[in-house]
Amino acid sequence: MTSTDVHKDVEDSGPSGYAAARLRLLQEGARSGPPRRSALSELTDDWLAGLFSAGSEQPRGVSLIAVGGYGRGELSPRSDLDLVLLHDGSDPTAVAALADRIWYPVWDLGLALDHSVRTPGEARKTAGEDLKVQLGLLDARHIAGDLGLTAGLRTAVLADWRNQAPKRLPELQELCAERAERQGELQYLLEPDLKEARGGLRDATALRAVAASWLADAPREGLDDARRRLLDVRDALHLTTGRATDRLALQEQDQVAAELGLLDADTLLRQVYEAARVISYASDVTWREVGRVLRSRSVRPRLRAMLGGGKPAPERSPLAEGVVEQDGEVVLARAARPDRDPVLPLRAAAAAAQAALPLSLHAVRRMAAHARPLPTPWPAEAREQLVTLLGSGRSTVDVWEALEAEGLITQLLPDWERVRCRPQRNAVHIWTVDRHLIETAVRASEFTRRVHRPDLLLVAALLHDIGKGWPGDHSVAGEIIARDVAGRIGFDRDDVAVLAALVRHHLLLVDTATRRDLDDPATVRSVAEAVGSQGTLELLHALTEADALATGPAAWSSWRGSLVADLVKRVAAVLAGDAPEEPEAAAPTAEQERLAIEAVATGGPVLSLRAQTEPPVTAEDQPAGDPEPLGVELVIAVPDQPGVLPAVAGVLAVHRLTVRTAELSTLDLPDGVDGSVLLLNWRVAAQYGSLPQAARLRADLVRALDGSLDIAGRLAERDAAYPRRRGVVAPPARVAVASAASRHATVIEVRAQDAPGLLFRIGQALEDAGVRMRSAHASTLGANAVDAFYVTDGKGAPLASAEAASVARKLEETLRG
């Protein structure tokens with residue numbers, strides 16, 4: 001049946017003809033989506049126009065207007081008809097009769113009607129008092145009557161909206177936030193409200209209103225398509241249920257999927273989630289831009305008065321190489337070249353997450369369009385930046401979503417595509433698979449002080465359910481995927497094996513603890529055999545808790561936690577019997593021995609700087625490049641004396657050098673050479689710019705050792721000059737004595753958030769405690785510092801238990817102070 005036939009039925013048969021034509025239109029299998037919604041709107045327009053003009057006298061100074069969704073020409077099968085009868089006030093009696101002539105036939109057909117009768121002044125006044133009325137009028141569309149009256153109201157309402165935008169837009173944002181709090185996030189709900197939930201149709205309408213204000217605009221790419229998909233789902237929901245509902249209930253999902261020609265309910269939900277994610281991200285970006293514009297408007301007049309006119313240049317504060325903060329967002333530096341810097345997306349993301357700042361939409365799109373692929377395996381910096389991003393706590397979520405919105409995540413991790421927006425039909429789970437993985441990393445970031453390898457914990461958190469995108473047992477599939485991903489992002493063979501084991505057994509502890517008899521020795525032995533080592537057990541324990549906490553409130557409890565802890569304690573006791581003996585110290589290299597002899601001869605520090613690189617990787621789509629820098633190896637030999645560790649660490653901090661790894665040991669000199677030398681073998685990298693010259697480092701180190709360089713004062717001055725910005729609230733530092741870790745010394749372990757001068761503070765605190773440093777092993781894993789210090793008393797013996805506990809306690813107080 002053609003559109004002309006439909007309209008002819010309406011003209012011939014009145015209300016009953018409209019009902020029949022409407023039914024035939026909705027039953028047309030060949031027409032659906034936007035064409036059907038437009039046709040239904042046109043059909044309804046013709047019918048209502050006929051009702052408007054059906055009287056003996058044509059009304060003057062009156063018009064019939066569609067508002068809201070009907071005003072946009074988007075009628076779903078069971079949508080309300082939102083109508084305004086607008087009049088000039090000259091003949092209220094005639095207007096009342098006209099209203100009855102229109103409203104009653106609509107009610108007689110059982111159609112939902114939201115109606116009002118107003119003059120233009122009354123309409124504007126009501127809109128000024130009721131934000132929802134004003135939003136509806138922004139989509140006002142003429143149906144019948146005095147076109148000039150309708151056009152005048154539209155012009156006035158739009159002008160009012162633009163003039164009042166600085167006041168009304170914050171109200172609209174608050175309204176959206178309150179609705180999101182009540183209805184939840186559309187992209188994660190198993191029974192979502194397509195209209196009211198965050199990322200739903202109401203938010204899409206709000207974005208149109210923001211654009212109409214001319215104050216800011218939403219990212220356009222994909223937004224119309226996302227809105228169309230949600231409307232299509234709502235149409236199918238109305239048709240299958242026969243009700244005016246926006247809630248996609250579980251029992252309706254298979255029918256709705258079939259109506260849309262989709263494979264199954266999971267495919268349906270995934271499409272809904274993808275659309276909601278586009279709208280949610282567009283909302284985040286848009287409201288951020290609204291806030292920025294409103295702030296600049298309030299500040300600019302004062303700045304102009306102070307500066308004598310002109311527009312001040314925005315301040316740019318460096319965050320990382322190629323990355324700066326500007327106007328509350330993370331943007332690319334002017335000299336940044338995404339096409340030449342494949343690590344830039346991860347570096348920018350890590351910097352944004354650490355600073356708890358949003359990534360600029362322009363920066364993300366530029367990186368997505370121009371960043372060249374990372375080589376395989378990834379360079380060390382890329383791996384470290386990924387770990388830093390994952391370990392940044394709650395701010396990781398927004399940054400990750402910004403990367404994912406522009407396709408950068410699947411560029412970096414192609415396996416992510418299978419879990420993206422994948423629903424979990426389990427009442428315990430409150431997130432989609434991909435968001436659950438990120439939530440697990442967020443939770444795991446709180447446990448980084450509990451493990452020796454926080455980098456492995458965070459990456460395992462990201463990958464532990466990656467197998468849910470494949471058929472079969474997701475733990476078995478996930479182990480294979482995790483092994484491949486871990487190798488591609490640059491972990492060595494041993495670390496790959498640990499990550500694969502963590503993914504394979506991420507449910508082992510909680511399943512065994514809650515389902516098996518822990519008093520049965522065979523139970524504990526089987527877990528010990530599966531885990532294999534104390535280090536893996538420690539990681540698995542933290543991953544188990546992070547996974548459960550990220551699943552939902554029903555997945556973890558103090559009872560479950562106590563059972564898992566009991567199992568871990570028993571398994572650790574079994575594994576302790578196979579603990580390896582303490583490794584022997586490695587023999588010094590010829591270079592190290594040469595530096596040590598020179599240090600004894602000169603009586604002062606001697607150092608060398610040497611770049612460390614990885615060989616270039618050749619891929620089919622990119623030529624072999626230059627070797628990838630891992631950092632710079634800094635080797636220092638110093639005659640044995642107090643204060644070496646804080647002196648070296650302090651000088652490096654003053655020169656803005658980041659310490660990636662640090663080893664301090666006492667070197668045995670060749671026969672015939674008197675004296676004792678401390679050897680420091682560190683890997684460092686410049687925070688910004690180029691490295692300082694070796695001669696400058698040595699000169700400052702000499703001054704630090706003789707006390708003429710006030711390192712603490714220099715660092716304090718710098719901190720005062722650059723106040724700490726709002727950012728991630730990291731877990732507090734944790735200091736512990738590792739019992740039975742060494743027969744020759746007391747081992748003090750420090751796990752803390754990495755920060756400039758951290759190693760200097762630790763070394764100074766240990767010096768103040770009066771202990772001797774036998775050796776030190778420091779490493780930075782993402783944003784986490786994991787350090788071990790082997791200390792003795794003045795006679796070279798391990799510290800007494802009470803003294804060791806006191807040193808650890810004082811060091812922890814220093815780091816938390």
Side-chain angles (χ1 to χ4, degrees), residues 7 10-11 14-15 18 37-38 40-75 79-109 111-165 168 172 205-206 208-209 211-214:
H7 294 174
V10 174
E11 293 170 2
Y18 168 74
R37 287 189 288 275
S38 296
L40 184 56
S41 297
E42 292 174 12
L43 179 68
T44 305
D45 287 355
D46 288 348
W47 176 50
L48 293 174
L51 295 175
F52 184 92
S53 59
S56 58
E57 294 185 9
Q58 291 299 311
R60 296 183 178 180
V62 186
S63 66
L64 184 63
I65 301 173
V67 298
Y70 181 27
R72 294 188 294 274
E74 296 174 342
L75 273 186
S79 288
D80 294 354
L81 297 183
D82 294 332
L83 297 169
V84 176
L85 193 59
L86 191 68
H87 65 99
D88 60 9
S90 61
D91 192 349
T93 302
V95 170
L98 175 60
D100 289 344
R101 194 165 75 230
I102 298 173
W103 306 156
Y104 278 99
V106 174
W107 287 326
D108 289 344
L109 287 182
L111 300 177
L113 176 65
D114 187 349
H115 64 286
S116 61
V117 179
R118 295 190 176 108
T119 64
E122 290 170 342
R124 291 177 67 186
K125 182 175 184 296
T126 305
E129 296 169 349
D130 189 331
L131 182 58
K132 293 181 180 178
V133 172
Q134 189 164 37
L135 293 176
L137 286 173
L138 290 177
D139 291 311
R141 181 172 56 83
H142 182 75
I143 296 177
D146 188 338
L147 179 60
L149 195 64
T150 301
L153 177 63
R154 275 186 54 85
T155 300
V157 166
L158 280 170
D160 290 344
W161 177 244
R162 287 162 186 160
N163 290 334
Q164 299 166 9
R168 303 312 298 267
L172 178 57
T205 301
R208 289 169 57 92
S213 74
W214 292 353

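Note that the coordinates shown come from a computational prediction; the quantities given were computed from them, not determined experimentally. These values consider heavy atoms only, across backbone and side chains, with no hydrogens, waters or symmetry-generated copies.
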If we ignore hydrogens and angles and just use 3.5 Å, is the side chain of R72 paired with the main-chain N or O of V67 as donor and acceptor? no
May I ask you to test the L83-W103 pair for a side-chain heavy-atom distance under 4.5 Å? yes
CA sep, side-chain torsions, deciding dist, call: L109, Y104, side-chain contact (heavy atoms from CB on, under 4.5 Å): CA-CA 9 Å; L109 287 182; Y104 278 99; over 6 Å; no
Note: S116 and R118 closest approach over all heavy atoms is OG-NH1, 3.1 Å
So L85 and H115, do their side chains get closer than 4.5 Å, heavy atoms only? no
Give the C-alpha distance, both sets of side-chain angles, the deciding distance and a yes or no for side-chain contact (heavy atoms from CB on, under 4.5 Å) between L86 and L153. CA-CA 9 Å; L86 191 68; L153 177 63; 3.7 Å; yes
Determine, step by step, whether Y18 and D46 satisfy the side-chain contact (heavy atoms from CB on, under 4.5 Å) criterion, reporting the C-alpha distance in whole Å, the side-chain angles of both residues, the deciding distance to 0.1 Å, and the verdict. CA-CA 9 Å; Y18 168 74; D46 288 348; over 6 Å; no
Under 4.5 Å between any side-chain heavy atoms of E122 and T119, yes or no? yes
Closer than 4.0 angstrom, basic N to acidic O: yes or no for D45 and R141? yes
E129 side-chain N/O to T126 backbone N/O, donor-acceptor pair under 3.5 Å: no
Could you check whether any side-chain heavy atom of Q134 comes within less than 4.5 Å of a side-chain heavy atom of D160, counting everything from C-beta outward? yes
Does the side chain of Y70 reach to within under 4.5 Å of the side chain of T44, using non-hydrogen atoms? yes
In short, H87 meets V117 closest at the heavy-atom pair CD2-CG1, 3.8 Å
So does G73 get a backbone contact from the side chain of S41, meaning a donor-acceptor N/O pair under 3.5 Å? yes
Closest approach of R154 and D139, non-hydrogen atoms and distance? NH1-C, 4.3 Å
Answer yes or no: is there an ion pair linking R60 with D146, defined by an N-O contact shorter than 4.0 Å? no
Are any of the side-chain heavy atoms of S79 and L81 separated by less than 4.5 Å? no
To the nearest 0.5 Å, atom CG of D130 lies from atom NZ of K125 at 11.5 Å
Got L149 and V62 here, is their nearest side-chain heavy-atom distance under 4.5 Å? no
So L131 and L172, do their side chains get closer than 4.5 Å, heavy atoms only? yes
Quick check against the 3.5 Å criterion: does W107 have a side-chain atom that pairs as donor or acceptor with the backbone of L113? no
Sub-3.5 Å donor-acceptor pair from the side chain of R162 to the main-chain atoms of W214, do we have one? no
Using modelled atom types only, decide if a donor and an acceptor are shared between the side chain of D80 and the backbone of D82 within a distance under 3.5 Å. no
Which atoms form the tightest heavy-atom contact between P92 and G89, and what is the distance? CD-O, 3.9 Å
Taking every non-hydrogen atom, the tightest pair across A66 and I143: CB-CD1, 3.6 Å
Looking only at heavy atoms, what is the nearest atom pair of L137 and A123, with distance? CD1-O, 3.9 Å
Please assess L48 against L64 for the test side-chain contact (heavy atoms from CB on, under 4.5 Å), listing each intermediate value before the final yes or no. CA-CA 9 Å; L48 293 174; L64 184 63; 3.9 Å; yes
